[in-house]
Participant: 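The structure's right below; bear with me while I get my questions together.
Labels below follow one simple rule: chain letters A, B, ... track the order of the sequence lines, proteins then strands, and each chain is numbered from 1.
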Number of protein chains: 4
Amino acid sequence: MNTKIIELAKKLETTTIERRRDFHKFAEAAWTEYRTASIVADILAGLGYAVFVGPDVLAEEAMMGVPTIEELEKHEQRAITQGANPQWVAKMKHGKTGVMGIMKFDKPGPTVALRFDIDANDVVETQDPAHKPVQDSFVSVNYGAMHACGHDGHAAIGLAVAEILASLRGELAGTVKIIFQPAEEGVRGGKAMVYKGIVDDAQYMLALHLGLGLQTGEMSCQPNGILATSKIDAIFTGVSAHAGVAPETGRNAMMAAATALINLHAISRHSKGMSRINVGVMNAGTGRNVIPDKAVIKLETRGTTSDINEYVYQEAVRIINASADMHAVKVDIKEMGSAQSAVSDAWLVDHIQKLAEESGLFSKVLPSCVFGGSDDYAYFMNRVQELGGKSTYLGVGATLAAGHHNSYFDFDEKALNLAVILTVTCAVDLLK
Amino acid sequence: MNTKIIELAKKLETTTIERRRDFHKFAEAAWTEYRTASIVADILAGLGYAVFVGPDVLAEEAMMGVPTIEELEKHEQRAITQGANPQWVAKMKHGKTGVMGIMKFDKPGPTVALRFDIDANDVVETQDPAHKPVQDSFVSVNYGAMHACGHDGHAAIGLAVAEILASLRGELAGTVKIIFQPAEEGVRGGKAMVYKGIVDDAQYMLALHLGLGLQTGEMSCQPNGILATSKIDAIFTGVSAHAGVAPETGRNAMMAAATALINLHAISRHSKGMSRINVGVMNAGTGRNVIPDKAVIKLETRGTTSDINEYVYQEAVRIINASADMHAVKVDIKEMGSAQSAVSDAWLVDHIQKLAEESGLFSKVLPSCVFGGSDDYAYFMNRVQELGGKSTYLGVGATLAAGHHNSYFDFDEKALNLAVILTVTCAVDLLK
Amino acid sequence: MNTKIIELAKKLETTTIERRRDFHKFAEAAWTEYRTASIVADILAGLGYAVFVGPDVLAEEAMMGVPTIEELEKHEQRAITQGANPQWVAKMKHGKTGVMGIMKFDKPGPTVALRFDIDANDVVETQDPAHKPVQDSFVSVNYGAMHACGHDGHAAIGLAVAEILASLRGELAGTVKIIFQPAEEGVRGGKAMVYKGIVDDAQYMLALHLGLGLQTGEMSCQPNGILATSKIDAIFTGVSAHAGVAPETGRNAMMAAATALINLHAISRHSKGMSRINVGVMNAGTGRNVIPDKAVIKLETRGTTSDINEYVYQEAVRIINASADMHAVKVDIKEMGSAQSAVSDAWLVDHIQKLAEESGLFSKVLPSCVFGGSDDYAYFMNRVQELGGKSTYLGVGATLAAGHHNSYFDFDEKALNLAVILTVTCAVDLLK
Amino acid sequence: MNTKIIELAKKLETTTIERRRDFHKFAEAAWTEYRTASIVADILAGLGYAVFVGPDVLAEEAMMGVPTIEELEKHEQRAITQGANPQWVAKMKHGKTGVMGIMKFDKPGPTVALRFDIDANDVVETQDPAHKPVQDSFVSVNYGAMHACGHDGHAAIGLAVAEILASLRGELAGTVKIIFQPAEEGVRGGKAMVYKGIVDDAQYMLALHLGLGLQTGEMSCQPNGILATSKIDAIFTGVSAHAGVAPETGRNAMMAAATALINLHAISRHSKGMSRINVGVMNAGTGRNVIPDKAVIKLETRGTTSDINEYVYQEAVRIINASADMHAVKVDIKEMGSAQSAVSDAWLVDHIQKLAEESGLFSKVLPSCVFGGSDDYAYFMNRVQELGGKSTYLGVGATLAAGHHNSYFDFDEKALNLAVILTVTCAVDLLK
């Protein structure tokens with residue numbers, strides 16, 4: 001079987017790389033992945049998958065950090081001019097850019113879910129001639145959107161996995177659900193897919209990430225330190241006034257935001273583990289001589305466990321509300337994203353580790369690696385585990401040109417096929 | 001008439017000075033003036049005044065910044081050992097140390113109210129041999145209480161005025177109410193007397209203050225800039241916790257108080273006049289390694305008008321409450337004192353100015369002087385004016401050894417008789 | 001003489017209104033008044049004035065809040081395409097958009113300086129059809145620049161005054177200097193003209209402002225409450241870092257700015273008069289999960305006297321520097337504008353008041369009016385007075401459609417001619 | 001040997017308990033342990049130890065958080081009236097209350113150091129009749145000092161250990177140094193003993209602590225999480241002023257302290273481990289209407305490593321200094337205590353664990369326990385390890401009546417003998 005998978009992957013390798021480069025060139029940030037998603041949907045349909053998109057895979061009430069309708073509609077047009085299938089775009093209207101392909105095999109067996117994230121970052125890609133995407137002409141043409149975290153690769157890997165599993169369908173049992181998630185950046189999309197219930201029937205679930213500090217040829221199926229996180233925007237609204245003539249009639253939104261900021265950073269440490277708080281952006285006021293009636297802060301909280309993150313989050317909400325009260329202004333707190341912490345299933349880690357070792361594909365199979373950031377795949381993991389299933393996350397090494405989210409980010413494309421083979425190997429092993 | 005008044009005052013002068021020195025020696029701070037008040041009450045009764053004390057002249061619910069029952073009872077004992085009449089002390093129980101003497105004259109006429117404040121300051125009097133009260137052995141024997149604002153003189157003047165008016169009773173019309181107010185320091189007692197309604201029937205009301213930047217021989221009956229003020233204590237109560245072991249379980253009262261402090265000082269200026277805010281005292285926490293569960297701040301607000309003071313006060317209350325909310329602690333805000341702004345009646349100013357000039361007693365009769373602080377006599381003034389009466393405040397010059405509230409404060413005792421004569425002259429003029 | 005002036009003004013009235021509307025349509029904000037200034041220069045030259053522009057009337061080192069070279073050069077091009085004389089523009093290169101016309105009369109006499117400001121505001125003018133400039137097609141064509149403070153009128157008045165004085169030259173003595181000042185908004189240009197020394201020889205100096213709360217037909221030549229002010233930008237530069245992975249390696253510029261903000265607003269009130277402080281704009285940070293390495297605040301201080309403003313300014317500078325130190329970031333403090341307080345010359349006020357009353361032009365001649373804001377004409381006034389001259393500021397009433405700096409601002413054009421006649425009357429009176 | 005040790009300890013048990021109760025009754029807080037130390041010194045001398053006290057065992061320049069001379073001298077008198085040997089007290093003058101007993105055995109061998117801390121806490125002991133020290137009449141007679149951390153037991157254990165080792169002297173090799181450390185509370189005394197060099201020759205070093213969350217009968221010789229810590233006082237000095245009359249002339253020390261407080265709590269988390277910061281006490285200001293010229297804060301920093309603590313400490317110092325600069329006040333920062341983090345020697349942990357297990361004395365021998373606080377024994381450990389020796393810390397279980405530092409604290413006295421036997425067993429094992 002292993003040999004067969006390797007052969008099938010080999011045949012697809014050029015296509016996989018081409019797809020990755022196409023996605024890279026037409027990079028689409030969170031909730032605007034109309035073109036990427038419609039290409040994915042077309043391919044899945046062509047392979048015989050039952051394809052679900054838009055409201056069928058995303059619970060609208062749980063979508064976070066969605067752009068304005070105006071922006072989304074602009075991107076719908078943009079995507080169509082860049083080759084998106086207008087029929088899919090219509091179904092994905094207003095940001096519902098998720099896709100799921102389902103294939104039921106003849107023999108009864110477990111349901112295995114695989115998740116691939118597809119969105120780009122809000123990063124302006126470098127135009128440096130030394131940057132490989134520039135050299136090979138697949139640098140992003142969408143200004144301000146760049147695949148700087150490898151999700152272009154994840155999407156291409158997902159398509160290759162779908163194709164190989166389809167071609168092996170006669171030998172498999174149960175059901176496979178291949179999920180292409182939008183808006184992983186800012187942890188905005190995972191929750192909405194989980195809330196739709198699309199993995200409630202999964203006995204097993206996997207996802208993968210390229211890189212994670214591992215070099216090409218290395219792998220680990222137990223990334224530790226997936227941090228729980230919440231992303232919040234707070235918009236303070238006061239009353240403006242001439243600062244010289246009648247300052248007492250103003251209601252100072254900037255003072256409220258600054259008071260919040262300083263007290264947010266002073267939230268007490270937690271004895272049970274690491275916590276984080278950061279206000280990364282603050283914009284307030286209009287003119288030098290006007291009491292500011294508007295202030296916006298963008299912040300995030302993190303914790304090594306969901307409980308710790310929840311502690312910081314609740315403290316933050318209280319502080320923000322009280323800061324508004326203090327300066328008699330209003331505040332609107334918007335949840336812009338969130339992710340949980342997650343722990344890999346021990347049996348599954350052990351099992352996949354053995355499969356990886358037996359495959360002979362990897363120079364190093366590490367018992368664990370450090371994730372160190374957040375991923376809303378944690379919602380999927382926790383949901384599957386809650387309902388009795390098993391889940392983990394594959395780290396597939398890929399030598400990088402520059403760190404994640406850097407404008408010079410690029411990865412060794414040899415990693416793509418390794419990831420394809422590993423994923424298919426795991427899926428085939430479980431689908432029986 | 002003028003000559004007669006001068007003569008009567010002259011005869012009393014030694015007594016007035018002796019009384020002032022006696023009050024000075026047994027200085028009693030706000031709400032503990034049991035001895036001073038009982039001496040006043042005895043003298044007034046002896047002169048034929050109907051005497052009212054305690055709950056008859058003070059509305060309990062409006063008494064502010066009153067010491068604890070324990071402290072008050074200690075002072076009741078102390079006063080008795082220092083010569084207070086136990087019967088009066090019993091009637092003044094628990095801080096109600098106000099006295100009013102009423103004399104109705106046979107002929108019908110207006111009601112004229114005169115107010116004299118009687119309390120000492122929380123100041124440790126200097127023991128410097130150069131200090132006159134030390135030289136002449138009337139330095140305070142009550143540690144921590146000192147007449148550093150001349151109210152010992154005011155009380156003695158009030159008694160002389162009472163005596164002269166009593167001896168002139170055959171020639172007067174209407175009613176005179178001579179009010180001895182406790183707790184003017186910290187502006188804690190005036191409101192409670194006014195709320196009791198004791199000046200609601202007054203057509204005219206006067207008070208006087210020695211000093212005010214005027215030298216002996218100078219006077220003015222229009223002190224401008226009597227500032228409205230509020231005195232507030234805020235007591236924050238949180239939850240203590242070991243700062244190393246479980247900081248997140250604490251609720252930090254000190255952080256709440258500090259957040260309040262900084263934002264209080266940042267209350268916006270008011271375009272209609274001067275405002276002030278000061279947190280003068282802050283005490284918080286118990287041990288270095290304990291999250292502080294207690295914090296107290298003592299503050300005051302001021303404004304050139306009652307409206308401006310009210311603006312600062314309301315801002316302060318909101319900020320204090322929001323600071324408590326911000327750190328999830330409780331806060332108890334206590335009003336410890338308050339005074340209004342006040343404006344002298346133009347006709348009365350003019351009238352008294354003429355009387356003062358005609359008397360030939362004063363080297364300078366100034367059209368106005370600067371008060372620059374607060375006095376809860378403003379409650380009396382405003383109440384009398386509200387009900388259609390006329391009121392002003394007499395500044396009687398007295399050369400000082402050191403500024404008001406200073407531990408070296410002392411005044412030229414020659415000013416006492418000038419004040420007596422001026423007050424009687426005005427009263428006699430109005431009582432017809 | 002009075003009749004003659006009125007006749008000359010009458011003849012010019014249509015031209016004055018046309019000029020005002022032309023300046024309004026091609027509104028130019030501070031330091032970019034190339035078109036306005038070159039038109040002024042051409043007209044003055046045509047009238048026989050010796051014309052000085054650019055470095056001849058502005059000391060470069062005292063120019064504040066000047067845009068970048070790139071922006072200035074863009075405006076130089078824009079102005080030329082909108083009809084500016086390229087020769088003048090060349091002389092005014094890089095923001096030196098001031099103009100002065102000098103005319104020496106044959107008879108010896110005093111030097112009289114007149115100042116007119118010419119810049120527009122950074123306001124987007126309303127397109128509401130009810131707005132008169134829209135109706136009559138002179139709404140600003142320069143997006144983001146709008147004459148919302150009447151300086152279009154001031155410039156047109158100045159040109160009419162220049163023309164009438166030129167036509168009366170045979171009857172005048174001494175020298176007149178007609179100064180057209182750029183960048184009054186933000187109080188950025190006055191200091192640079194004064195530092196150049198152009199009014200050091202003036203015995204008398206006048207300026208005027210339309211509006212100031214006065215209706216058409218009212219006037220006053222003693223505006224009180226010209227506040228001293230300083231405009232400051234503070235740019236904090238720290239070190240960015242990933243807020244989750246290595247927060248301790250960052251240097252948080254936003255925290256520094258917020259600490260500054262709150263403490264700036266808490267600068268103590270001043271006992272000698274009103275003070276103001278306002279941070280009107282704050283922008284900081286790049287991304288939610290990045291420790292912010294950049295923060296900018298824009299603030300202003302004010303005081304009823306230059307001393308009080310200086311007190312607030314010095315406090316502000318110390319607080320900003322210490323806030324940067326506190327968070328180990330750097331800060332660059334830029335002076336963006338400043339104005340002094342100023343007091344009108346009593347004799348001149350009295351004298352002009354009489355002239356205004358005698359003229360019969362005004363329905364009300366008020367002894368004083370409230371300025372309530374800042375104007376860097378104060379630099380001129382103080383300089384002239386320092387050197388022994390006399391100076392004041394004329395408030396010429398003009399009924400307004402909406403308040404100063406409002407996007408609906410417009411004034412009653414009947415006021416233009418009243419202002420011309422008043423100014424000429426005063427100038428003629430002094431030039432003898 | 002084991003049996004012999006147990007027998008010897010058994011014989012001493014009553015004495016050990018009596019000594020512990022005596023120390024408890026005459027509780028002496030940090031740097032005032034004159035009576036405790038002189039009793040220790042007398043007993044050691046009686047047993048044949050060479051005894052060193054005062055400047056021989058403490059480097060004055062490294063003593064931290066020492067009371068004033070006046071207070072120390074008061075305690076010297078107090079201790080003598082409570083039975084301290086005046087000769088020892090003289091040698092320990094001004095807080096140098098440390099003692100070391102040295103015994104060299106005939107046979108050559110290693111130097112083994114044992115450390116016992118002897119100071120009480122600044123706690124008012126409960127007078128509740130249910131509290132065993134009250135029942136059995138050994139409650140503290142020194143108000144405000146209470147043995148609430150078991151150091152009374154440590155001192156008694158140390159004396160028993162000294163006695164048994166002395167009686168076994170014929171069978172031992174090398175040298176034993178028994179160190180009685182003052183001022184462990186507040187981590188003020190350890191550094192000064194280490195700086196004196198008294199453990200520079202130790203090949204092995206042990207200390208013990210009763211309790212640590214272990215019940216009587218449990219033990220562990222590897223307490224993890226000994227936190228590095230710094231204790232700091234910051235005294236801000238400004239200029240007072242009347243808050244109503246001339247606020248701008250004041251320099252507000254309270255504002256400086258509060259600004260420091262809030263920004264201290266906002267010091268960024270550290271990615272390499274846990275950190276802590278706490279301002280536990282703040283006192284500022286004198287009167288409600290006075291700009292505060294004095295403010296004191298007492299704080300501590302902690303970190304799981306000395307590096308992390310140093311990071312927090314350096315941040316704190318910078319913030320405190322900048323807060324003073326911000327409000328133009330002076331600040332004096334005093335180091336009041338410090339301790340390092342420390343890691344037990346693996347071989348020694350393993351070795352003692354075996355000894356403990358073989359002894360059969362303990363119901364549970366745990367591989368590690370959580371210390372969770374700070375102990376300046378870390379200075380000893382690190383010094384010994386630096387110079388090539390081995391060191392660890394013994395946790396000896398003792399069931400508690402209430403937590404450490406609680407006014408109801410008391411421990412099961414059965415633990416005393418277990419601790420004596422364990423310590424002697426280890427010492428005997430190493431002294432060969």
Participant: Heavy-atom cut-off 4.5 Å, strictly under: side chain, backbone, both or neither for A:Asp122 against chain C?
Facilitator: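 Neither part.
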
Participant: Between chain A and each of C:Pro292, C:Pro247, C:Ala257, C:Gly244, count heavy-atom pairs under 4.5 Å; write down the option with the most.
Facilitator: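 Option with the top pair count is C:Gly244.
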
Participant: Between C:Lys231, C:Glu300, C:Lys298, which residue shows the highest count of heavy-atom pairs closer than 4.5 Å to chain A?
Facilitator: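 The residue among C:Lys231, C:Glu300, C:Lys298 with the greatest pair count is C:Glu300.
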
Participant: Check each atom of C:Leu299 against the heavy atoms of chain A and say whether the ones under 4.5 Å are side chain, backbone, both or neither.
Facilitator: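 The backbone, not the side chain.
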
Participant: Where on C:Thr259 is there a heavy atom nearer than 4.5 Å to chain A: the side chain, the backbone, both, or neither?
Facilitator: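 Backbone plus side chain of C:Thr259, per the 4.5 Å heavy-atom cut-off to chain A.
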
Participant: For the CG atom of A:Asn278 and the CZ atom of C:Arg288, what is their distance to the nearest 0.5 Å?
Facilitator: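 Rounded to the nearest 0.5 Å, the CG-CZ separation comes to 10.0 Å.
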
Participant: Against chain A, label C:Met274 side chain, backbone, both or neither, depending on which of its atoms sit under 4.5 Å from a heavy atom there.
Facilitator: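 For C:Met274, there is no contact with chain A at all, as no heavy atom is under 4.5 Å.
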
Participant: So which residue, A:Ile277, A:Asn289, A:Val279, ends up with the most heavy-atom pairs under 4.5 Å with chain C?
Facilitator: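 Most heavy-atom pairs within the cutoff with chain C belong to A:Asn289.
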
Participant: Distance from C:His265 atom NE2 to A:Met254 atom CE, nearest 0.5 Å?
Facilitator: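 One gets 7.0 Å once the value is rounded to the nearest 0.5 Å.
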
Participant: Non-hydrogen atoms of chain C under 4.5 Å away: do they reach the side chain of A:Val281, the backbone, both or neither?
Facilitator: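 Both backbone and side chain of A:Val281 come within 4.5 Å of chain C.
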
Participant: Relative to chain C, which segment of A:Leu227 carries a heavy atom at a distance below 4.5 Å: side chain, backbone, both, or neither?
Facilitator: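 Interface part for A:Leu227: neither.
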
Participant: Relative to chain A, which segment of C:Ile232 carries a heavy atom at a distance below 4.5 Å: side chain, backbone, both, or neither?
Facilitator: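 For C:Ile232, the backbone is the part near chain A, not the side chain.
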
Participant: For the atom pair CG (C:Asn283) and CE (A:Met282), what is the distance rounded to the nearest 0.5 Å?
Facilitator: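 Here the interatomic distance stands at 9.0 Å.
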
Participant: Heavy-atom pairs under 4.5 Å with chain C: which of A:Val296, A:Thr229, A:Thr286 has the most?
Facilitator: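 The residue among A:Val296, A:Thr229, A:Thr286 with the greatest pair count is A:Thr286.
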
Participant: Just so I understand: if I count every heavy-atom pair under 4.5 Å between each of A:Ala284, A:Gly285, A:Ala258 and chain C, which residue has the most?
Facilitator: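 Looking at each of A:Ala284, A:Gly285, A:Ala258 in turn, A:Ala284 comes out on top.
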
